Amino acid sequence: EVWDNRGITIRVGNQEKNLFTDERGIIQASFKTEISNQDEIRVSINGIPIPFFNDFPIFFGKSNYPLEVISDLDDTVIVTYASRVFKRIQTTGLTHPTRRSIVPNTKALLQGLAEKGARIHYVSKSETNLYHLLATFFDHNKVPHGPMYLTRYRARQNLFVSKKDPIHKLRQIRHILDRSPGKKFLLIGDDSQHDVHVYSEAVEEYPDRIEKVMIRQTGFKENQKLL
């Protein structure tokens, strides 16, 4: 069931907002307040609390570590075959998340950075529909948790249509950097889609903020000349 056009109340710390979901059951809101754990985030409809239905955290506190990470997901953390349409449909639509393949070098890198205290942000053009599958994959493979910036929910028949927001990743990178003053960033991606172009543009816009860019080579020839 899609909770479309429904009134919903969100309380974060000492701030409360009454909002309405859109036609796809989605809400977006910003709160300027300090909280220390996700128990201070409460959602309700008509005064009835709405529980969170999975164990993946929804709160990621500030870190004192000077470096933060922005990582792609598809073919950077989780093998998706994003540049091969039919293989991607088979992998994403028919394979249980506990049987999906992980990119071991990326996992090791992220675990090492997380152990040092780096906060990790995951920016992907995967749809919000896939959130629970990704959360299951993260927990099964012990990938460090972090906020996932996904694209909007799509009707099931449109999930594998290639037309998506072309600047979603860059917009989210700007959002993260603009709200993390004083922090340096490591960008991690792959060469199968548009990470090379997006990260290059991000470096041009934030030359003093981006410490390093790491691109996993998948063998996708179109972007190899840009590396």
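Here the structure is a predicted model, which is why all the values come from computation and not from measurement. Residues take their numbers from the sequence shown, with the count starting at 1.
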Looking at Asn46, I'd like to know if its CG atom is crowded, meaning that more than 12 non-hydrogen atoms belonging to other residues, nucleotides or ligands lie closer than 6.0 Å.
no
Evaluate the side-chain contact (heavy atoms from CB on, under 4.5 Å) criterion for residues Lys183 and Lys62: first the C-alpha distance (whole Å), next the side-chain angles of each, then the deciding distance (0.1 Å), finally the verdict.
CA-CA 11 Å; Lys183 289 294 184 76; Lys62 292 181 179 179; over 6 Å; no
Which value, rounded to the nearest 0.5 Å, describes the distance between Lys142 atom NZ and Leu110 atom CG?
15.5 Å
Is any side-chain heavy atom of Ile50 closer than 4.5 Å to one of Ile45?
yes
Anything under 30° is parallel, anything over 60° is perpendicular, the rest tilted; go ahead and classify Phe56 against Phe138.
perpendicular
Rounded distance (nearest 0.5 Å) linking atom OG1 of Thr9 with atom CD1 of Ile48
11.5 Å
Check whether any side-chain heavy atom of Arg174 sits under 4.5 Å from a side-chain heavy atom of Tyr206, and report yes or no.
yes
Any heavy-atom pair between the side chains of Leu109 and Leu113 that's under 4.5 Å?
yes
Pair His175, Arg179 - check side chain to side chain donor-acceptor pair (under 3.5 Å), show working.
CA-CA 6 Å; His175 172 88; Arg179 286 160 179 77; 3.2 Å; yes
Atom of Ser124, atom of His168 and distance for their closest heavy-atom approach
O-NE2, 3.0 Å
Under 4.5 Å between any side-chain heavy atoms of Gln111 and Pro144, yes or no?
yes
Atom of Phe137, atom of Pro97 and distance for their closest heavy-atom approach:
CD1-O, 3.5 Å
The reported gap from CZ in Arg6 to CG in Leu19 (rounded to nearest 0.5 angstrom) is 15.5 Å
Please determine if Arg216 and Asp72 form a salt bridge, counting it only when a charged side-chain N lies under 4.0 Å from a carboxylate O.
no
Minimal non-hydrogen separation, Asn5 against Glu23, with atom names
OD1-N, 4.1 Å
Distance-minimising heavy-atom pair for Pro51 and Pro49:
CD-O, 3.8 Å
Any donor and acceptor pair, going by atom type alone, linking the side chain of Arg42 with main-chain N or O of Ile10 inside 3.5 Å?
no
Donor-acceptor contact below 3.5 Å, side chain Thr106 vs main chain Thr76:
yes
Can a donor-acceptor pair be found, under 3.5 Å and without considering hydrogens, that links the side chain of Lys107 to the backbone of Asn141?
yes
Could you report the tightest heavy-atom contact between Ile210 and Val213, atom names first, then the distance?
CG2-CG2, 4.1 Å
Can you tell me if Glu40 and Ser36 form a side-chain donor-acceptor pair at under 3.5 Å?
yes
Steps toward side-chain contact (heavy atoms from CB on, under 4.5 Å) verdict (Leu133, Leu130)
CA-CA 5 Å; Leu133 298 179; Leu130 303 178; 3.8 Å; yes
Taking His121 for the side chain and Pro147 for the main chain, is one N or O donor matched with an acceptor at less than 3.5 Å?
no
Does CE belonging to Met214 count more than 12 external heavy atoms closer than 6.0 Å?
no
Taking CD in Glu16 as the centre, count heavy atoms belonging to other residues, nucleotides or ligands within less than 6.0 Å. Is the count above 12?
yes
Given side chains that start at C-beta, do those of Met148 and Leu134 come closer than 4.5 Å, heavy atoms only?
yes
Compare every heavy atom of Thr80 with every heavy atom of Arg100, then report the nearest pair and how far apart it is.
NH2-OG1, 3.3 Å
Let me know which of Val77, Val123, Ile120, Val69 forms a side chain to side chain contact (heavy atoms under 4.5 Å, CB included) with Ile188.
Val69
Does Ser71 use its side chain to pair, donor to acceptor, with the backbone of Tyr122 at less than 3.5 Å?
no
Scan Asp190, Asp75, Asp191 and name whichever one has a side chain to side chain donor-acceptor pair (under 3.5 Å) with Thr218.
Asp191
Using modelled atom types only, decide if a donor and an acceptor are shared between the side chain of Asn37 and the backbone of Asp39 within a distance under 3.5 Å.
yes
Separation between CZ (Arg119) and CG (Leu67), nearest 0.5 Å, reads 12.0 Å
Side-chain ion pair, Lys169 and Asp195, N-O less than 4.0 Å
yes
Evaluate the side-chain proximity of Ile173 to Val198: yes if any heavy-atom separation is below 4.5 Å, no if none is.
yes
Taking Glu68 first and then Arg209, would you say they form a salt bridge - that is, a charged N and a carboxylate O separated by under 4.0 Å?
no
Check: Glu201 side chain, His197 main-chain N or O, donor-acceptor pair, under 3.5 Å:
no
Do any N or O atoms from the side chain of Thr21 and from the backbone of Ile27 form a donor-acceptor pair under 3.5 angstrom?
no
If you round to the nearest 0.5 Å, how far is CZ of Phe20 from CD1 of Ile8?
11.0 Å
Spell out, as yes or no, whether a donor-acceptor pair under 3.5 Å connects the side chain of Lys125 to the backbone of Asp74.
no
Separation between CZ (Phe185) and CD1 (Ile70), nearest 0.5 Å, reads 5.0 Å
Can you tell me if Lys212 has over 12 outside heavy atoms packed within less than 6.0 Å of its NZ?
no
